[in-house]
Amino acid sequence: QVQLVESGGGLVQPGGSLGLSCAASGTVFRINGMGWYRQAPGKQRELVATITRSGNTNYADSVKGRFTTSRDNVKNMVYLQMNVLKPEDTAVYYCRVETVAGEIYWGQGTQVTVSS
């Protein structure tokens, strides 16, 4: 099965930047869409950003203009660059991939904490 491992989370001050990476390992099927979701304590998991195989991106209104997602189709990796971070960005961030066959896989999550 496909395993997704996120890295790059940590503690950052408001206004700072942080980059997240997600790498697929194991049996990797042909991946179509990739994306990032986040879940704060006591809240539902929400969409942050998505990117198609061709590179088309979509962002949640709350992060538009601050976050940028990109991908490497050869290495089966997806990246999320987060700039001008706010305390409300604090959450566990999850990587998500969808294969061309419609299979969905989730990473284990990486903690991002924005605090002074």
Side-chain angles (χ1 to χ4, degrees):
Q1 293 290 330
V2 173
Q3 292 182 324
L4 304 179
V5 179
E6 300 100 335
S7 62
L11 175 65
V12 64
Q13 295 187 21
S17 298
L18 202 62
L20 305 181
S21 297
C22 174
S25 63
T27 303
V28 181
F29 306 98
R30 183 174 176 82
I31 297 175
N32 191 6
M34 306 183 78
W36 293 92
Y37 290 70
R38 67 186 182 187
Q39 187 168 21
K43 301 184 68 175
Q44 300 281 351
R45 186 174 298 186
E46 64 177 353
L47 172 70
V48 176
T50 61
I51 182 168
T52 68
R53 188 170 183 83
S54 61
N56 293 323
T57 57
N58 285 286
Y59 300 91
D61 288 340
S62 59
V63 307
K64 193 172 298 183
R66 300 187 297 120
F67 291 11
T68 302
T69 188
S70 59
R71 63 187 287 173
D72 185 329
N73 291 334
V74 175
K75 297 181 178 181
N76 286 325
M77 296 184 65
V78 62
Y79 181 76
L80 182 68
Q81 178 64 43
M82 304 181 291
N83 299 319
V84 197
L85 283 162
K86 305 174 180 180
E88 51 263 44
D89 294 319
T90 296
V92 176
Y93 283 70
Y94 297 90
C95 178
R96 176 187 185 273
V97 304
E98 178 183 352
T99 70
V100 295
E103 301 161 319
I104 304 297
Y105 298 93
W106 291 90
Q108 85 289 345
T110 185
Q111 178 70 48
V112 173
T113 302
V114 185
S115 176
S116 298

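Quick note: residue numbers are just sequence positions, from 1. The model shown is predicted, which means the values in this text are computed figures rather than measured ones. In what follows, every heavy atom counts, from backbone to side chain, and hydrogens, waters and symmetry copies are set aside.
Remark: Arg38 is not positioned above the aromatic ring of Tyr94, lacking an NZ or CZ atom under 6.0 angstrom from the ring centre and at most 45 degrees off the axis.
With respect to Asp61 and Lys64, a salt bridge is recorded, a charged nitrogen being found less than 4.0 Å from a carboxylate O.
There is a path of hydrophobic side-chain contacts, each under 4.5 Å, that joins Val63 to Ile51. Note: the hydrophobic cluster containing Leu47 does not contain Tyr59 (ILVMFWY, side chain heavy atoms under 4.5 Å, direct or indirect links). Linking ILVMFWY residues whenever their side-chain heavy atoms come closer than 4.5 Å, directly or via other members, places Val114 and Trp36 in the same cluster. Linking ILVMFWY residues whenever their side-chain heavy atoms come closer than 4.5 Å, directly or via other members, places Val92 and Trp106 in the same cluster. Met77 and Ile31 are assigned to two separate hydrophobic clusters, defined by single-linkage of ILVMFWY side chains at heavy-atom distances under 4.5 Å.
Ring pair Tyr93/Phe67 is tilted by interplanar angle, where 30° to 60° counts as tilted.
Considering only heavy atoms from C-beta on, Val100 stays 4.5 Å or farther from Arg53 through its side chain. Using a 4.5 Å cut-off on side-chain heavy atoms (C-beta onward), Val48 and Leu80 make contact. Considering only heavy atoms from C-beta on, Pro14 stays 4.5 Å or farther from Leu85 through its side chain. The shortest side-chain heavy-atom distance between Ser17 and Gln81 falls under the 4.5 Å cut-off. The shortest side-chain heavy-atom distance between Met82 and Val112 falls under the 4.5 Å cut-off. Contact annotation: the side chain of Gln3 never approaches that of Gln108 to less than 4.5 Å [non-hydrogen atoms, C-beta and beyond]. Taking the side chain as every heavy atom from C-beta outward, Ile104 and Val97 never approach each other to under 4.5 Å. For the pair Glu6/Cys95, a side-chain contact is recorded, criterion being any heavy-atom separation below 4.5 Å from C-beta on.
No donor-acceptor contact under 3.5 angstrom links the side chains of Asn32 and Arg30, judged on distance only. In the model, Ser115 has no side-chain atom that pairs as donor or acceptor with a side-chain atom of Thr113 under 3.5 Å.
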Q: Applying side chain to side chain donor-acceptor pair (under 3.5 Å), run through Gln39 and Glu46 and close with a yes or a no.
A: CA-CA 6 Å; Gln39 187 168 21; Glu46 64 177 353; over 6 Å; no
(Q) I'd like to know whether Thr99 forms a side-chain contact (heavy atoms from CB on, under 4.5 Å) with Tyr105, so could you lay out the CA-CA distance, the side-chain angles of the two residues, the decisive distance to 0.1 Å, and finally the verdict. (A) CA-CA 9 Å; Thr99 70; Tyr105 298 93; 3.9 Å; yes
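A distance of 10.0 Å separates CZ in Arg71 from OG1 in Thr50, rounded to the nearest 0.5 Å. Note that OH of Tyr79 is 7.5 Å distant from CG of Leu20, once rounded to the nearest 0.5 Å. Rounded to the nearest 0.5 Å, atoms CD (Gln111) and OG1 (Thr90) are 7.5 Å apart. Here the OG1-CE distance, from Thr57 to Met34, works out to 14.0 Å after rounding to the nearest 0.5 Å.
Judged purely by atom type and a 3.5 angstrom limit, Ser21 has no side-chain atom pairing as donor or acceptor with the backbone of Ser7.
Listed by chain and number, the residues in a side-chain hydrogen bond (donor to acceptor under 3.5 Å, both in side chains) with Thr68 amount to none (sequence neighbours excluded).
Residue Gln44 places its CD atom among 12 or fewer non-hydrogen atoms of other residues, nucleotides or ligands, all under 6.0 Å distant.
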